[in-house]
Student: 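Got a structure for you, questions after.
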Amino acid sequence: MFSIYILTYNEELDIAACIESARLSDDIIVVDSCSSDRTVEIASRYPIRVVQHPFESHGLQRTWMLESISPKHEWVYILEADERMTPELFAECETVIQNPDYIGYYVAERVMFMNSWIRHSTQYPRYQMRLFQHGKVWFTDYGHTEREVCHGATSFLKETYPHYTSGKGLNRWIDKHNRYSTDEAKETLNQIERGSVNWRDLFFGKSEVERRRALKDLSLRLPARPLLRFLYMYFLLGGCLDGRAGLAWCTLQAFYEYLILLKVWELKHLPTPSLDTKALVSENTQHEIRQADPA
């Protein structure tokens with residue numbers, strides 16, 4: 001048996017289905033980033049642990065979770081609210097944790113969008129570190145998401161999990177990626193100024209994870225990134241085979257890339273308010289409030 005962490009923030013539409021899929025485990029821990037909706041209320045109806053912690057970043061949230069909330073079992077699985085555990089994946093997890101040769105396993109997602117599996121343009125199988133020995137894997141921030149630091153050998157699972165990326169509607173998807181693009185813009189500047197492309201991993205990487213991450217570092221340095229991303233996903237990866245949903249998905253990803261570039265331009269060219277400016281704005285705001293309310 002292994003424990004399952006579920007990460008949430010305003011997931012009242014997804015949390016019940018996610019918990020239901022994870023109930024094959026006898027130790028489920030919901031780690032909520034102080035949701036303002038009914039996520040905690042719904043999760044608390046189940047015989048599981050529910051813990052709240054303010055969100056700082058994906059890497060820091062996972063690090064706090066692993067350091068502060070002890071699991072019942074030696075092995076843990078990280079699940080997000082818009083993902084599902086399947087009986088087949090759970091059974092494979094139970095089998096592989098008996099193998100002493102590895103401390104963690106990558107699992108591939110099946111991106112579900114507009115009620116369709118976007119198989120081609122999502123670089124399937126695209127792997128994420130999800131199952132690992134507690135205390136053997138940690139996480140650092142990278143762009144809007146996180147990257148794992150593994151203290152031991154890792155491997156890959158055959159079974160996959162569904163990821164319902166737009167289950168809460170397109171408005172939620174756009175809001176989320178607007179936030180993500182801010183972090184990605186900062187990471188883009190950081191990588192261009194201080195990072196480099198690992199050409200060995202790009203062409204001879206031992207795993208999909210190494211090749212994909214090297215490709216991303218290269219893509220940050222290419223001109224016309226939004227257009228190139230659309231052409232790469234829709235034609236080279238075969239997004240055209242994913243039908244109407246595939247076209248919509250590739251278009252949204254190109255838009256997301258363009259949003260990142262616009263925010264990179266802002267970071268480079270728009271002035272950052274100084275402490276004196278911030279203090280002046282605060283003083284003027286307080287003065288306006290006093291004028292509006294003499295009492």
Side-chain angles (χ1 to χ4, degrees), residues 9-10 55 57-59 80 82 109-128 140-147 163-199 201-202 208-209 211-273:
Y9 177 68
N10 287 348
F55 183 86
S57 68
H58 289 278
E80 298 191 7
D82 57 358
E109 65 175 353
R110 285 180 281 116
V111 173
M112 310 300 294
F113 179 73
M114 293 177 62
N115 297 325
S116 300
W117 174 20
I118 310 298
R119 177 168 185 163
H120 299 90
S121 54
T122 54
Q123 296 175 290
Y124 177 84
R126 181 178 176 181
Y127 289 92
Q128 308 285 343
T140 60
D141 290 319
Y142 184 94
H144 81 272
T145 183
E146 75 289 333
R147 286 190 175 178
H163 181 190
Y164 297 94
T165 58
S166 61
K168 290 174 283 295
L170 194 56
N171 282 339
R172 175 68 178 267
W173 190 97
I174 292 173
D175 288 343
K176 184 168 63 174
H177 283 76
N178 181 39
R179 296 194 306 273
Y180 288 172
S181 63
T182 301
D183 293 332
E184 288 293 334
K186 295 175 183 177
E187 188 61 40
T188 295
L189 283 178
N190 179 62
Q191 285 297 315
I192 291 175
E193 294 172 0
R194 301 179 180 85
S196 62
V197 179
N198 190 322
W199 295 98
D201 282 354
L202 182 61
E208 179 274 338
V209 175
R211 295 189 296 272
R212 169 165 47 88
R213 290 177 176 175
L215 178 62
K216 179 170 183 177
D217 290 340
L218 172 63
S219 72
L220 300 180
R221 294 161 171 81
L222 297 177
R225 277 167 48 189
L227 176 60
L228 288 177
R229 182 163 188 179
F230 179 84
L231 295 175
Y232 171 70
M233 294 178 64
Y234 194 68
F235 294 106
L236 190 58
L237 292 182
C240 54
L241 302 175
D242 291 322
R244 181 181 179 183
L247 176 61
W249 179 259
C250 293
T251 302
L252 284 172
Q253 294 300 321
F255 164 74
Y256 174 50
E257 201 71 46
Y258 186 53
L259 198 56
I260 294 171
L261 287 186
L262 291 176
K263 292 187 178 182
V264 167
W265 185 92
E266 284 188 336
L267 290 172
K268 286 182 175 180
H269 297 93
L270 294 187
T272 302

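These values consider heavy atoms only, across backbone and side chains, with no hydrogens, waters or symmetry-generated copies. Here, residue 1 is the first one in the sequence, and each next residue gets the next number.
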Student: Taking side chain as C-beta onward, heavy atoms only, is Arg179 less than 4.5 Å from Asp183?
Tutor: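 Heavy-atom side-chain distance check fails, nothing below 4.5 Å.
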Student: For Asp242 versus Ile118, what's the shortest heavy-atom pair and its separation?
Tutor: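 For Asp242 versus Ile118, the nearest heavy atoms are OD2-CG2, 3.6 Å.
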Student: Any chance you could measure Lys176, atom NZ, to His144, atom NE2, to the nearest 0.5 Å?
Tutor: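 Reported to 0.5 Å precision, the distance equals 8.0 Å.
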Student: With a 4.0 Å cut-off, would you call Glu184 and Lys216 a salt bridge?
Tutor: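 Salt bridge: yes.
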Student: Measure the spacing between OG of Ser181 and CZ of Phe255 and express it to the nearest 0.5 Å.
Tutor: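 It comes to 8.0 Å.
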Student: Main chain of Arg212, side chain of Gln123: is a donor-acceptor contact present, judged purely on distance under 3.5 Å?
Tutor: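 The answer is no, because no donor-acceptor pair under 3.5 Å joins these two groups.
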Student: Identify the heavy atoms of Arg221 and Val197 that sit nearest to each other, and give their distance.
Tutor: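 Shortest heavy-atom contact: CD-CG2, 3.8 Å.
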Student: Kindly compute the distance separating CG (Asp175) from CG (Asn10), expressed to the nearest 0.5 Å.
Tutor: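 These two atoms lie 11.0 Å from each other.
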Student: Can you classify the ring geometry of His177 versus Trp173 as parallel (below 30°), tilted (30 to 60°) or perpendicular (above 60°)?
Tutor: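 Answer is parallel, since the angle falls under 30°.
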Student: Taking Asn190 as the fixed residue, which of Arg194, Glu193, Lys186 is the one that meets the side-chain hydrogen bond (donor to acceptor under 3.5 Å, both in side chains) rule?
Tutor: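 Filter result, single survivor: Arg194.
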Student: Measure the CG-CG distance between Asn198 and Leu215 for me, rounded to the nearest 0.5 Å.
Tutor: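 If I round to the nearest 0.5 Å, the distance is 12.0 Å.
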Student: Could you tell me if the side chain of Leu261 sits less than 4.5 Å from the side chain of Arg225, heavy atoms only?
Tutor: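 Counting from C-beta outward, Arg225 and Leu261 do come under 4.5 Å.
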Student: Among Phe113, Tyr234, Phe230, which one satisfies ring-ring contact (aromatic ring centres under 6.0 Å, His included) with Trp249?
Tutor: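 Exactly one candidate clears the test, Phe113.
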Student: I'd like to know whether OH of Tyr180 has more than 12 heavy-atom contacts from other residues, nucleotides or ligands below 6.0 angstrom.
Tutor: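 More than 12 within 6.0 Å, yes.
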Student: For residues Gln191 and Glu187, is any side-chain donor paired with an opposing acceptor at under 3.5 Å?
Tutor: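 Side-chain D/A pair, Gln191 to Glu187: present.
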Student: Arg119 side chain to Pro125 main-chain N or O, any donor-acceptor pair under 3.5 Å?
Tutor: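 Here the side-chain-to-backbone pair does not exist.
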Student: Can you find a heavy atom in the side chain of Ser196 that is under 4.5 Å from one in the side chain of Asp217?
Tutor: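 No; the side chains remain at least 4.5 Å from each other.
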Student: Answer whether the closest heavy-atom distance between the side chains of Leu236 and Leu231 falls below 4.5 Å.
Tutor: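 Leu236 does not reach Leu231 side chain to side chain.
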Student: For a side chain to side chain contact (heavy atoms under 4.5 Å, CB included) check, start with the C-alpha distance between Leu170 and Leu252, then their side-chain angles and the critical distance, and finish with the verdict.
Tutor: CA-CA 10 Å; Leu170 194 56; Leu252 284 172; 3.9 Å; yes
Student: Are the side chains of Arg211 and Asp201 in contact, using a 4.5 Å heavy-atom criterion?
Tutor: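 They are not in contact (no side-chain heavy atoms under 4.5 Å apart), so the answer is no.
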Student: Is there side-chain contact between Lys268 and Leu189, with at least one heavy-atom pair below 4.5 Å?
Tutor: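 SC-SC contact between Lys268 and Leu189 confirmed.
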Student: Okay, side chain of Thr122, backbone of Val111: is any donor-acceptor separation there less than 3.5 Å?
Tutor: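 Answer holds: no.
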Student: Any chance you could measure Ser57, atom OG, to Asp141, atom CG, to the nearest 0.5 Å?
Tutor: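 Spacing of OG (Ser57) from CG (Asp141) equals 3.0 Å.
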Student: Asp82 and His163: side-chain donor and acceptor closer than 3.5 Å?
Tutor: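 Yes, because at least one side-chain N or O of Asp82 sits under 3.5 Å from a partner of the opposite role on His163.
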Student: Could you tell me which non-hydrogen atom of Tyr164 sits nearest to which non-hydrogen atom of Met112, and how far apart they are?
Tutor: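 Taking every non-hydrogen atom into account, CD2-CB, 3.7 Å.
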Student: Looking at Ser121 and Cys250, what are the two nearest heavy atoms and their distance?
Tutor: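 Smallest interatomic distance, heavy atoms only, reads CB-SG, 3.6 Å.
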Student: Can you measure from CZ (Arg244) to CE (Met114) and round to the nearest 0.5 angstrom?
Tutor: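 If we round to the nearest 0.5 Å, Arg244:CZ and Met114:CE are 5.0 Å apart.
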Student: Applying side-chain contact (heavy atoms from CB on, under 4.5 Å), name anything that partners Glu266, two or more places apart in sequence or on another chain.
Tutor: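 If we apply the side-chain contact (heavy atoms from CB on, under 4.5 Å) test to Glu266, skipping adjacent residues, the hits are Lys263, Leu270.
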